[in-house]
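Working notes for the structure below.
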Amino acid sequence: MHEMGIAQQLVTIALDAIPDDIENPRVEKLNLRIGKLAAVVEHSLSFCLAVITRDTPLEGVELIIDEVPVCLRCESCNHEWQAEIPAFGCPACNNGQVTMISGREIEITSIELADN
């Protein structure tokens, strides 16, 4: 389950982002962008986060996940499109040389702290 490794990285990044001058910080929301091809199972990620954030400022954090579509660009004609099925050929010119623009990312877009 690679969600545990992802959860550990998210916690590390989030904790490092909390300013040192805040006393007893508590993270309420963790806003993420996760690509469709990142193969992240949301409930597994939530479970892993719940386990590893006990007794940390992220305990009870709410995950807000924005799913990022798979977007491709044809190297031949520069056509860009969203792929809904795993067929990575250009629909405009049928060329198979494509570049993935989005769809694999896992990133924190923002961290929301609770008002104390």
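Residues take their numbers from the sequence shown, with the count starting at 1.
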Heavy atoms, side chains only, cut-off 4.5 Å: are [X] and [Y] in contact?
X   : Y   : result
E80 : L72 : no
I52 : M4  : yes
N78 : R73 : yes
V98 : E75 : no
D16 : I13 : no
P69 : Q82 : yes
C90 : S76 : no
L10 : L45 : yes

- Message: Could you report the tightest heavy-atom contact between P25 and P57, atom names first, then the distance?
- Response: O-CB, 3.3 Å
Give, for atom [atom1] of [X] and atom [atom2] of [Y], the distance between the pair rounded to the nearest 0.5 Å.
X    : Y    : atom1 : atom2 : answer
D66  : L32  : CG    : CG    : 9.5 Å
L113 : I111 : CG    : CD1   : 7.5 Å
E3   : L49  : CD    : CG    : 10.5 Å
I101 : E105 : CD1   : CD    : 11.0 Å
K29  : L58  : NZ    : CG    : 14.5 Å
L63  : E42  : CG    : CD    : 7.0 Å

- Item | Carboxylate-amine/guanidinium proximity below 4.0 Å for E107 and R33 | yes
- Task: Would you check if there is a donor-acceptor pair between the side chains of N31 and E112 at a distance under 3.5 Å?
- Result: yes
Can you get from [X] to [Y] by hopping between Ile, Leu, Val, Met, Phe, Trp and Tyr side chains that sit under 4.5 Å apart?
X   : Y    : value
V11 : V41  : no
I18 : I108 : yes
V68 : I106 : no
I64 : I34  : no

- Task: Report, as yes or no, whether the 6.0 Å neighbourhood of atom CD on Q97 holds more than 12 heavy atoms from other residues, nucleotides or ligands.
- Result: no
- Item | Side-chain donor/acceptor of H2 to backbone N/O of A39, under 3.5 Å | yes
- Message: Donor-acceptor check, side chain of T56 to backbone of T53, threshold 3.5 angstrom: yes or no?
- Response: yes
